Amino acid sequence: MDLKKFKTRNIYNEIEDGSITCKSPSNIALIKYWGKKDIQIPLNPSISFTLDNCNTTTTLTYQKKSTNDISFELFFDGNSKEEFEPKISQFFNRVIEYVPFLNSYHFKIDTTNTFPHSSGIASSASGMSALATCVVELEQKLSQEMSLNEIRRKASFLSRLGSGSACRSIEGPMVLWGKHSSIKESSDIYGIKLPIEINQVYNNYQDTILIVEKGQKLVSSSVGHELMNNHDFKTQRFIQASNRLTQIISALESGDLMGFIKIVELEALTLHAMMMSSDPYFILMRPNTLKIINKVWEFRKSTSIPVCFTLDAGANVHILYPKTFQKPIDNFIKKELLKYCQDGQFIADCVGEGVKII
Ligand code: PMV
């Protein structure tokens, strides 16, 4: 793997201080990444929809200093957040060999999420991709040597070192991360915009996120990924995810919504099946997660409206559907599903275009 191309080349500009602000979205995987090796190399390729309304805005304020070390302070919604510092420290330590100029500055990181911190929606994808993009923008100010494509690749590459799925938040509407034989530009070390002609039925796809359970998950994603290393289905899972990727690409090109739905739901249930068959085993779904899934199946069967669900590593349910069906699905959600959400909470989101410099 050629990692040299991700190292900062020349620094031309002396910059004392300044600030950069980026807004970056979360994403929802359709083909799930579950299991990794080395430093954030996925065991299988994954595909996601980039989201829009669930996002993080980060301002990176930098000030030149004389010492040569990593130095930062972190604020979340204006308050100092020490418990998030280890994750940010780990990010800086992993990326420093690619962006050594970081050692010459003291950073203040101000970050806010549009979604509630304790809503059970992971903020690592949006948070890490926002921070990584700020770092790449600073590099661009210092050196101005990268094309737009190189900037995106590097932002995705650095994001991945912060949190694997974060590398899929830089672009939209759909991103592929992980080597796949049918797409030669695909890579294990960064995400790429899915290089296919996506059928227009997927334009402006909606994602209503039903908050079944707020708060900290019982088992973190990092622990879940780790358990895949000795999982009985590890080898088979790689083959399965790669095959499903081929199938979903074909459904995305042709507009075969029923084919799409089948793979998306299979993937969601497979993700949780792997958790339930890990050693030690665990369950992140809740009774209300299953009630919602059954209601979605009943509704789809009785109306033929192409709505489906997916899950991330938690109890919450993402309801995915084309914008044309917004009205009947809004009614269905209000009447039949919100009663299963904690405090009736949900987030209306849709497919978006990725990170923005503000
Ligand atoms: O990026 P992580 O380590 O938080 O892992 C994310 C894993 C899933 O959300 C369950 C699946 C995925 O592909 O995003």
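Remember, it's a predicted structure, so these values are computed and weren't measured experimentally. When reading the values below, keep in mind they use all heavy atoms of this one structure, side chains included, and skip hydrogens, waters and symmetry mates. Atoms within a ligand are numbered from 1 in the order they appear, just like the ligands themselves. For this chain, numbers begin at 1 and follow the sequence in order.
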Tabulate distances under 3.5 Å between N/O atoms of ligand 1 and N/O atoms of the protein, writing both atom names on each line.
residue, atom, partner, partner atom, Å
ligand 1, 1 (O), S163, OG, 3.3
ligand 1, 1 (O), S165, N, 2.9
ligand 1, 1 (O), S165, OG, 2.7
ligand 1, 3 (O), H225, NE2, 3.0
ligand 1, 5 (O), H225, NE2, 3.0
ligand 1, 13 (O), Y33, N, 2.9
ligand 1, 13 (O), R168, NH1, 2.9
ligand 1, 13 (O), R168, NH2, 3.2
ligand 1, 14 (O), R168, NH2, 2.7

Of V175, I47, I192, T50, the one forming a side chain to side chain contact (heavy atoms under 4.5 Å, CB included) with R168 is V175
Mind checking who shares a hydrophobic cluster with M228, ILVMFWY linked at side-chain heavy-atom distances under 4.5 Å? W34, L43, L218, V219, V223, L227, L271, M274, M275, F282, L284
Could you list the residues that satisfy side chain to side chain donor-acceptor pair (under 3.5 Å) with T270, not counting sequence neighbours? R244
Using ring centroids (six-membered ring only for Trp), state whether Y205 and F260 fall under 6.0 Å. yes
When the side chains of residues 329-336 are checked against the rest of the protein, which donor-acceptor pairs come out under 3.5 Å, sequence neighbours left out?
residue, atom, partner, partner atom, Å
D330, OD1, Q326, NE2, 3.3
E336, OE1, K295, NZ, 3.4

Apply salt bridge (Lys or Arg N to Asp or Glu O under 4.0 Å) to the pair E267 and R237, showing each step before the final yes or no. CA-CA 11 Å; E267 271 296 296; R237 170 62 191 152; 2.7 Å; yes
